[in-house]
Amino acid sequence: MLIIGICDGDLAVRTLLSDFIKRYREETGLTVTVLSYDNGEKLLRHYPLEMDLIFLEIPFARLSGIEIARRIREADEHVSIIFLTTMLSHVLEAYDVRADNYLLKPLRYTRFLKEAEAARARRGQNRFLIENNDDGVYKIYTKTIRYIETDGRKTKIHSASDTCISYKTMKAHAEVLFEPYFVRCHTGFIVNLLFFEKLEQNDLLLITGEKIPVSRQRKREVLNRIKSLYENEVSP
């Protein structure tokens with residue numbers, strides 16, 4: 001379970017983050033409690049010590065986000081603080097209160113996802129996805145996914161132990177699988193390079209013996225990703 005706080009004076013921002021969290025719940029199956037505040041005074045007055053992550057606006061009118069974060073740190077050294085801002089000029093101040101990161105508005109789901117997963121990782125939870133199809137509900141740990149391929153209007157997730165039909169598009173999968181070992185090597189394939197063994201011409205050979213096609217347009221990106229993951233084993 002995660003407890004996520006949202007503290008921003010703009011209702012549209014609070015609503016957008018709440019929608020992100022709803023999507024995150026659906027994709028992961030996690031229990032996530034959301035605490036929403038429209039100003040820093042309310043956050044400080046009702047602050048729960050078990051919070052995991054706070055999205056905090058910097059330029060509040062009465063009490064700045066930096067000062068709010070400073071007071072939070074006096075009570076809670078472990079919570080992750082992500083500042084929300086429209087200007088980079090505030091970012092240097094964030095280091096004084098040990099903020100974990102900052103997000104520039106307008107907000108994007110992919111950036112939110114990375115911060116939520118970082119907070120989840122600090123709790124020692126292995127990342128997994130929840131997939132629903134006509135056969136049931138599947139809990140799939142991301143590291144076990146070998147590759148994903150298109151199958152007509154559907155997609156197939158091939159994991160270490162099973163193959164699962166998904167109704168998500170390849171684009172939707174690519175947004176969620178942000179780990180550096182996932183790469184979209186072809187229009188119809190996303191591959192997990194943790195299972196990589198060899199690149200032969202326009203095919204990736206996995207340690208399972210499976211061959212995954214690599215398009216010409218994406219080959220350079222695949223090579224660069226392999227080198228970054230296995231830099232100690234791959235010659236420059």
Side-chain angles (χ1 to χ4, degrees), residues 1-8 13-36 48 50-57 69 72 76-85 91 94-95 97-132 137-148 155 157-161 164 166 168-184 190-196 221 225 228-229:
M1 182 178 119
L2 289 177
I3 300 177
I4 298 179
I6 303 169
C7 189
D8 195 290
V13 172
R14 299 198 304 274
T15 301
L16 180 61
L17 281 170
S18 295
D19 289 343
F20 286 171
I21 293 169
K22 180 181 178 182
R23 177 178 171 183
Y24 181 62
R25 282 197 197 105
E26 293 171 349
E27 290 176 346
T28 64
L30 283 176
T31 299
V32 184
T33 298
V34 183
L35 303 174
S36 185
E50 68 272 18
M51 198 178 296
D52 298 296
L53 174 62
I54 302 173
F55 291 96
L56 177 62
E57 182 182 18
I72 289 172
D76 188 347
E77 295 182 355
H78 304 292
V79 64
S80 297
I81 299 176
I82 308 299
F83 279 122
L84 307 175
T85 184
V91 172
Y95 291 104
V97 291
R98 290 178 286 124
D100 293 81
N101 212 334
Y102 65 91
L103 298 184
L104 284 175
K105 299 176 182 179
L107 306 177
R108 298 287 182 267
Y109 179 71
T110 50
R111 288 296 310 275
F112 160 83
L113 180 62
K114 289 182 180 181
E115 299 306 333
E117 284 301 312
R120 180 174 164 188
R122 281 188 282 273
R123 289 177 59 90
Q125 300 180 11
N126 294 321
R127 198 162 92 85
F128 60 85
L129 309 175
I130 297 295
E131 286 290 336
N132 298 274
V137 181
Y138 293 77
K139 179 181 179 181
I140 307 172
Y141 286 94
T142 55
K143 280 192 174 182
T144 71
I145 296 172
R146 304 194 311 277
Y147 64 96
I148 301 175
T155 52
I157 303 173
H158 300 272
S159 67
S161 60
C164 171
S166 172
K168 294 176 183 174
T169 64
M170 294 297 284
K171 181 180 179 181
H173 286 306
E175 287 180 353
V176 173
L177 297 173
F178 58 79
E179 288 91 342
Y181 45 81
F182 284 110
V183 63
R184 191 167 183 180
I190 294 173
V191 67
N192 183 347
L193 292 176
L194 295 179
F195 291 88
F196 159 79
E221 180 186 356
R225 194 70 65 84
S228 68
L229 284 171

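Count residues from 1 along the sequence.
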What I'd like to find out is whether the side chain of [X] reaches to under 4.5 Å of the side chain of [Y], using heavy atoms alone.
{"X": "Ile72", "Y": "Met51", "value": "no"}
{"X": "Val191", "Y": "Val183", "value": "yes"}
{"X": "Asn101", "Y": "Arg111", "value": "yes"}
{"X": "Tyr138", "Y": "Ile157", "value": "no"}
{"X": "Leu193", "Y": "Arg225", "value": "yes"}
{"X": "Ser18", "Y": "Ile6", "value": "yes"}

**OP:** With side-chain contact (heavy atoms from CB on, under 4.5 Å) as the test, would you mind laying out the steps for Leu129 and Leu177 before giving the verdict?
**Re:** CA-CA 10 Å; Leu129 309 175; Leu177 297 173; 3.9 Å; yes
[atom1] of [X] to [atom2] of [Y]: how many Å apart, nearest 0.5 Å?
{"X": "Arg184", "Y": "Lys171", "atom1": "CZ", "atom2": "NZ", "result": "9.5 Å"}
{"X": "Leu103", "Y": "Glu115", "atom1": "CG", "atom2": "CD", "result": "5.5 Å"}
{"X": "Tyr109", "Y": "Leu17", "atom1": "OH", "atom2": "CG", "result": "11.5 Å"}
{"X": "Glu117", "Y": "Leu2", "atom1": "CD", "atom2": "CG", "result": "8.5 Å"}
{"X": "Leu113", "Y": "Arg23", "atom1": "CG", "atom2": "CZ", "result": "8.0 Å"}
{"X": "Leu56", "Y": "Thr85", "atom1": "CG", "atom2": "OG1", "result": "10.5 Å"}

Original post:
Per the side chain to side chain contact (heavy atoms under 4.5 Å, CB included) rule, which among Ile4, Ile3, Asp52, Leu53 passes with Val32?
Top reply: Ile4
Please give me the minimum heavy-atom distance between [X] and [Y], naming the atom from each residue.
{"X": "Ser166", "Y": "Glu131", "value": "OG-OE1, 2.9 Å"}
{"X": "Thr28", "Y": "Phe128", "value": "O-CE1, 2.6 Å"}
{"X": "Arg14", "Y": "Ser36", "value": "CD-OG, 3.4 Å"}
{"X": "Ile140", "Y": "Ile145", "value": "CG2-CG1, 3.7 Å"}
{"X": "Tyr181", "Y": "Asn192", "value": "CD1-OD1, 3.1 Å"}
{"X": "Met170", "Y": "Ile148", "value": "CE-O, 3.7 Å"}

Subject >> Worked check of side-chain contact (heavy atoms from CB on, under 4.5 Å) between Phe196 and Leu229 >> reply: CA-CA 10 Å; Phe196 159 79; Leu229 284 171; over 6 Å; no
Subject >> Pair Phe112 and Phe55, ring centroids less than 6.0 Å apart >> reply: yes
**OP:** Step by step, work out the side-chain contact (heavy atoms from CB on, under 4.5 Å) result for Glu57 and Lys105.
**Re:** CA-CA 10 Å; Glu57 182 182 18; Lys105 299 176 182 179; 3.7 Å; yes
Subject >> Residue Lys168 excluded, over 12 heavy atoms near NZ under 6.0 Å >> reply: yes
**OP:** Could you tell me whether a side-chain N or O of Arg25 sits under 3.5 Å from a main-chain N or O of Thr33, the two making a donor and an acceptor?
**Re:** no
Original post:
Please walk me through it: do Phe20 and Leu107 pass side-chain contact (heavy atoms from CB on, under 4.5 Å)?
Top reply: CA-CA 10 Å; Phe20 286 171; Leu107 306 177; 4.1 Å; yes
